[in-house]
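These numbers were taken from a predicted model, which means no experiment stands behind them. Letters go in sequence order (proteins before strands), and every chain restarts at 1.
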Amino acid sequence: MVQYIVKRLLGLLPTLLIVGLLVFLFVHLLPGDPARLAAGPDANPETVELVRKDLGLDRPLPAQFVRFVNGVLHWDFGRSLRTKRPVSEEIGERFMPTFWLTVWSMAWSVVFGMVIGVLSAVWRNRWPDRLGMTLAVSGISFPAFALGMVLMQVFSVQLGWLPTVGNDTWRHYLLPSLTLGAAVAAIMARFTRSSFVDILGEDYIRTARAKGLDEPHVVVKHGMRNALIPVVTMMGLQFGFLLGGSIVVEKVFNWPGLGRLLVDAVDMRDYPVIQALVLLFSLEFILINLIVDVLYGLINPTIRYR
Amino acid sequence: MKKLFRPAAAVAVALVLAATPALAAKDVVFAVASTFTTTDPYDANDTLSQAMAKSFYEGLFGFDKDMKLIPVLAESYDVSKDGLVYTVKLKKGVKFHDGTDFKADAVKTNLDRVTNPDNKLKRYGLYNNNIAKVEAVDDYTARITLKTPFSPFIAQLAHPSTVMISPAALKQWGNKDIAFHPVGTGPFKFVEWKATDYLKVAKFDGYWKKGYPKVDTITWKPVVDNNSRAALMQTGEAHFTFPVPYELTDVLKAKPDLDVVAAPSIVLRYLSMNTQQKPFDNPKVRQAIAYAINKEALAKVAFNGYAAPAEGVAPQGVEYAYKQGPWPYDVAKAKALLAEAGYPNGFETELWSAYNHSTANKVTQFIQQQLQQVGIKTKITLLEAGQRVEKVESWQDPATAPVRLYYVGWSTSTGEADWALRPLLDGGSWPPRLFNTAYYKNPKVDADIKNAQLTTDSAEKAKLYKDAQETIWNDAPWAPLVTERLLSANNKKLSGVYVIPDASFNFTEIDLK
């Protein structure tokens, strides 16, 4: 197992290098000259050239790439073209807010989604199922920005119970995590339900029932473990997506997270920030995949890694 | 021993507690629309960052709330006969936040800094490489010598980017890091900047204007989403916000403790036409397009009535702007002109917008419909910032420039006709140099602009600028559309905060009840 993990972690390096090269080429292909953008509309060509030099964009592309890779190896991601602050600082400041928001959203949505999913599967096509799946479909179809605004209007503006924007106290986390988690909870509910419905039709469930086990036992002990594999996969994927920062939710709640940083960076063609963010997102996905694979082994001992 | 201290501490705590309600801290929160790029006005190109920097920086000159040029750190100035030497007398008794005195060496340090290309500042271009030297004659007299006469020079000194940074702080932090440690003479001193969250400033006790500022702190809070900004105003978490989107004015007006203010602006919206390309090389076609658009209706449809038809090439409120009345709406005349020009059935062309927000979307669709009436078919593209730079602003060869009809706007932040005309309509300002997206060139206009720079006689200048604006109006490289009104909202407890016509803020009189 340990050997497997080490092997996977080593395999990470070439992947990141390829991602780095692709991202580097991709951002330089984006239309628009960052020096011109940074200098502003009323700058003359001399000023644009000054800005270009200042940002290090006057060097040839290969030289810029070498500098980029060399910098990354030394844990130096350069400076943001927009704010001129170190990229690592820009990202570091925003990583934790996004991380905690993701964790809280995932926590409630996974619990809630799985409970609804299991209940719906057990009482398939009866009212708990109908109710649960109605909730789930609404959760998927209701756009996050609308949900966020409605929640803010009701709980912050009308009732005055919760703060509108910011991330200072736990009360700031309630509305954004609710908004962000709604779609995930819905997806988890539907996944859990369909996975459970399949499992509940399996022979070993019939056997368990036949040997006289009570229903809660059958569902939790024999059903849950086996149904969990696809659910965990989905969980990993969703976690990865949320860690990228939700642009919509971060905009509505003015969350100081990575999603907004990425949008700002793309708008201003802030190459160093875009590159570092995409590298970070790739790394997150790779690590989450690894964790998911390890979890498979824990959930189902017949899965072995070498 | 330890015990002895406790009563003293308790008394101190009690005193503080007792004192607090009597002297309730006046903390003001501004909710603004985007994050700040920098606190260094010389390295900023966005109005918002420069407006925020007014908390801690002041210039030699500035603008009052109606955008009239006023002396700030300058006491007075005079110009030599040849228009080359500006002698500025400075106010005495002004201190920087770091305790040093404001003297003429600060003027020299700051102007030398921005005009030195090695410092690579974004406002390098504003001074046009025209300052020959800056001298400190004595402690409170600065002398600036220009290479060629440039009559709008004082307006340049009033530009929000020309501020006085403490020379001592510049020395301590260096050219780049000064942006994270701003030290000026302004009413507030810098406290902290959390890029994503807020920028906070607090009252500077040594401020030269006695009795000011009247509030203790200002927290500048960037809140990107329009609805969220409105929510902050409704809950009272913010005292002032700008801009307010048109669709939210009614919601905010309905709140008894909020005021929505529509201030006049010098933000001009226009439709530029590439005069180097067929069919726009024919002035009749350009005039026809100007006639074909109902500006009155445009202001109602796209700006919810918070705009008025443009009254000239430079908007009213800019010094030396010449009012020529809105361009009339006359479809019959437009058709006749098109027929005369040889396009009785119209033609097809591209209509680009410099912005991709919803107002620009409405404007371009409205223009599309209006032009359809006279047979001109347009294809709309809303350019995203990067595309705009690539296809318009940094296009290298004027002969192949793909821009045709281009919807864009301009705010003249020096408040003076030179900056309203030269970057947009001078023959030497074609992209990528500056912003003449009409590729307009008329030797008469160029001469007027040049001569106006050279003369220091105000009446003569007014005459030259009038002539230039009349010529431009008749040549119609643009269809002038509207001047916007600037919508802001403030809590009724807050007073003395104004959005000035160039969309910057004036808050010298800020107070909170």
[X], [atom1]: over 12 other non-hydrogen atoms inside 6.0 angstrom:
X: Phe112(A); atom1: CZ; answer: no
X: Trp108(A); atom1: CH2; answer: yes
X: Lys221(B); atom1: NZ; answer: yes

If you compare all heavy atoms of [X] against all heavy atoms of [Y], which two are closest, and at what distance to 0.1 Å?
X: Asp264(A); Y: Thr35(B); value: OD2-OG1, 3.9 Å
X: Thr235(B); Y: Ser156(A); value: CG2-O, 3.5 Å
X: Asn254(A); Y: Pro222(B); value: ND2-O, 2.6 Å

What part of [X] is in contact with chain B, defined as an atom under 4.5 angstrom from a non-hydrogen atom: side chain, backbone, both or neither?
X: Gln153(A); value: side chain
X: Pro97(A); value: neither
X: Arg52(A); value: neither

Chain B contacts, top residue of Lys53(A), Glu93(A), Glu90(A), Arg94(A) (heavy-atom pairs, under 4.5 Å): Arg94(A)
Partner chain A: residue of Pro117(B), Gly236(B), Ser394(B) with the largest heavy-atom pair count (under 4.5 Å): Pro117(B)
Looking at Leu232(B), Thr38(B), Leu424(B), which makes the most heavy-atom pairs under 4.5 Å with chain A? Leu232(B)
CD-OH distance between Glu49(A) and Tyr124(B), expressed to the nearest 0.5 angstrom: 12.0 Å
In residues 135-152 of chain A, what donor-acceptor pairs under 3.5 Å come from side-chain atoms, sequence neighbours left out?
unit_1: Ser138(A); atom_1: OG; unit_2: Thr134(A); atom_2: O; d: 2.5
unit_1: Ser141(A); atom_1: OG; unit_2: Val137(A); atom_2: O; d: 2.3

Contacting moiety of [X], where chain A heavy atoms sit under 4.5 Å:
X: Asp43(B); value: side chain
X: Gln387(B); value: both
X: Tyr198(B); value: neither

Please report the C-alpha distance between Val252(A) and Ser228(B) in whole Å, then the side-chain angles of each, then the deciding distance to 0.1 Å, and finally whether the side-chain contact (heavy atoms from CB on, under 4.5 Å) criterion is met. CA-CA 6 Å; Val252(A) 170; Ser228(B) 311; 4.1 Å; yes
